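Since the model is a prediction, treat every value here as computed from it, not as a measurement. Scope of the values below: all heavy atoms of this structure, side chains included, with no hydrogens, waters or symmetry mates.
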Amino acid sequence: MTTEVTPSVYLTAAFYKFVALPDFASKRAPLLAFCEAHNVKGLILLAEEGINSTIAGAPADVHAVLAYLRSDPRLADLEHKESFASKAPFHRMKVRLKKEIVTMGVEGLSPTKRVGQYVKPEDWNALITSPDVVVIDTRNDYEVEIGTFKGAVDPDIQSFSQLTQWVKDAKELAEKEGKKPRVAMFCTGGIRCEKSTSLMLEHGFEDVYHLQGGILKYLEVVPPEKSLWEGECFVFDERVSVGHGLVPGPHELCRACREPLPEGAKQSPLFELGVSCPRCHAHTTETQKNSARERQKQWEIAKERQINHIGTPQRQERLAELLPTDAPVLYSFRRCPYAMRARMALQVSGIRCEMREIALSQKPEGM
């Protein structure tokens, strides 16, 4: 049942599982409908190799989605990590079909076949302080920038798929006395390490370990006074970063590149709210910046008027201004094949009307 009242506390659940899902495409529509019916927002990735997601909403609704997923015997043992926030971490619900749930681009590489040895957060410190262990942060450069484990190697990559080449070239992984080093790898929630340790085993490394549950689990269970973590952990939602106890951190997000603002970014002449930051300014055209300026303007207007500024409703408001004042209103489901045909027929016939998509979580009482 849909939660009608906006929750004061949002539960965020992060989860993934590598498992054979040959029917993954057929799961998209019913899963999206179930999430929308429970007013749960976030992103779920589905692929033949499994599922990867972070969702948020009222606790009862998030747990309803988790129960729905676990009703599939293949996902019955799906594990998730929880954290709480006072503000909504996501504004939309998306379920996307992908070739990989985490993109590495290595054909035939499958964590369902073999991965490195899991190390519990409580045992992680002892492992990474061993002098014969190379500790590798598998995340992107902007994530490493705001926090990492003490002494960890930073591959300085802009995307996870670049890790493959780094492993081939890295001096830190060179053989010593004819033997490859022991390797410990970590990432945000554990999913990238599943593939990276599988990759290392393919390259002939024998002693390969990874942090079970990722950085998030470590920050959740290891007290600050015993921690070897330095800084904050970047997360891919509106919290931006979290620290020990998974408490939201002080970092802000650049709305253009969706990466955390570098230190002192707001004082830079390259920073423009909602448009650019020193990290991304040179990578966008003036046309893209102007588009971002218009988006920021609309966001500020919506905030001042205390109305929703995100997604379909605003596009509909702008389109409505172009319609006759007596234009009829058509309520329809965007993904319904009959509704698609109706919209096509209206377009061909030249009948102008206002289109309004019905969200299951916000359907009129009459329905």
Side-chain angles (χ1 to χ4, degrees), residues 14-22 24-25 27-28 42-54 74-75 78-79 81 94-119 134-145 148-149 152-174 180-217 233-237 257-259:
F15 53 89
Y16 74 89
K17 182 176 176 62
F18 283 99
V19 60
L21 295 177
F24 72 98
K27 297 178 70 68
R28 180 184 180 274
L43 174 63
I44 297 177
L45 302 180
L46 294 173
E48 190 169 353
E49 67 177 9
I51 185 171
N52 180 21
S53 173
T54 305
R74 297 167 297 184
L75 301 175
L78 182 69
E79 296 182 1
K81 291 181 284 293
K94 299 178 182 178
V95 180
R96 292 177 175 170
L97 304 180
K98 307 286 284 187
K99 186 176 180 180
E100 300 177 76
I101 55 174
V102 57
T103 303
M104 178 165 263
V106 179
E107 198 68 34
L109 188 69
S110 175
T112 59
K113 298 176 182 177
R114 60 173 183 166
V115 294
Q117 300 177 50
Y118 294 102
V119 179
V134 178
V135 186
I136 302 173
D137 193 330
T138 67
R139 301 172 303 150
N140 298 337
D141 53 2
Y142 62 87
E143 299 174 78
V144 180
E145 183 179 295
T148 190
F149 280 107
V153 176
D154 175 13
D156 192 25
I157 56 177
Q158 289 75 53
S159 68
F160 183 58
S161 59
Q162 295 175 353
L163 187 67
T164 305
Q165 188 60 48
W166 181 85
V167 168
K168 295 178 181 178
D169 302 335
K171 296 179 180 178
E172 294 89 344
L173 298 176
K180 294 181 181 294
R182 294 203 296 161
V183 176
M185 312 184 91
F186 65 91
C187 60
T188 308
I191 186 170
R192 282 178 275 189
C193 290
E194 298 270 3
K195 279 204 168 178
S196 59
T197 58
S198 183
L199 176 73
M200 298 301 287
L201 292 171
E202 288 291 324
H203 279 273
F205 289 83
E206 297 178 358
D207 298 317
V208 183
Y209 310 87
H210 52 139
L211 176 58
Q212 188 171 13
I215 301 164
L216 295 180
K217 194 65 179 177
C233 177
F234 178 77
V235 289
F236 296 87
D237 58 55
C257 63
R258 304 295 300 176
E259 296 180 7

With sequence neighbours left out, what residues match R258 under salt bridge (charged side-chain N to carboxylate O under 4.0 Å, His left out)?
-> E238
Taking salt bridge (charged side-chain N to carboxylate O under 4.0 Å, His left out) as the test, write out the residues that go with E202, two or more places apart.
-> R114
In chain order, what residues pass the side-chain hydrogen bond (donor to acceptor under 3.5 Å, both in side chains) check against E79, with sequence neighbours excluded?
-> none
All ring-ring contact (aromatic ring centres under 6.0 Å, His included) counterparts of F160, not counting sequence neighbours = none
Residues in side-chain hydrogen bond (donor to acceptor under 3.5 Å, both in side chains) with K217, at least two apart?
-> none
Can you list the residues that meet the side-chain hydrogen bond (donor to acceptor under 3.5 Å, both in side chains) rule with N52, with sequence neighbours excluded?
-> none
Going by atom type alone, with no hydrogens or angles, which donor-acceptor pairs under 3.5 Å involve a side-chain atom of residues 94-109 and a protein atom two or more places apart or on another chain?
unit_1: E100; atom_1: OE1; unit_2: M104; atom_2: N; d: 3.3
unit_1: E100; atom_1: OE1; unit_2: K195; atom_2: NZ; d: 2.3
unit_1: E100; atom_1: OE2; unit_2: G105; atom_2: N; d: 3.1

Taken in chain and number order and not counting sequence neighbours, the residues that satisfy side-chain contact (heavy atoms from CB on, under 4.5 Å) with E172 are V134, V153, W166, A170
With sequence neighbours left out, write down each residue that passes side-chain hydrogen bond (donor to acceptor under 3.5 Å, both in side chains) with K81, or none if nothing qualifies.
-> none
By side-chain contact (heavy atoms from CB on, under 4.5 Å) - contacts of Q158 (at least two apart) | D141, D156, Q162
Which residue pairs satisfy the ring pair (Phe, Tyr, Trp, His ring centres under 6.0 Å) criterion with at least one member in residues 184-206, sequence neighbours excluded?
-> F149-F186
For T197, side-chain contact (heavy atoms from CB on, under 4.5 Å) partners two or more places apart | V115, M185, V208, H210
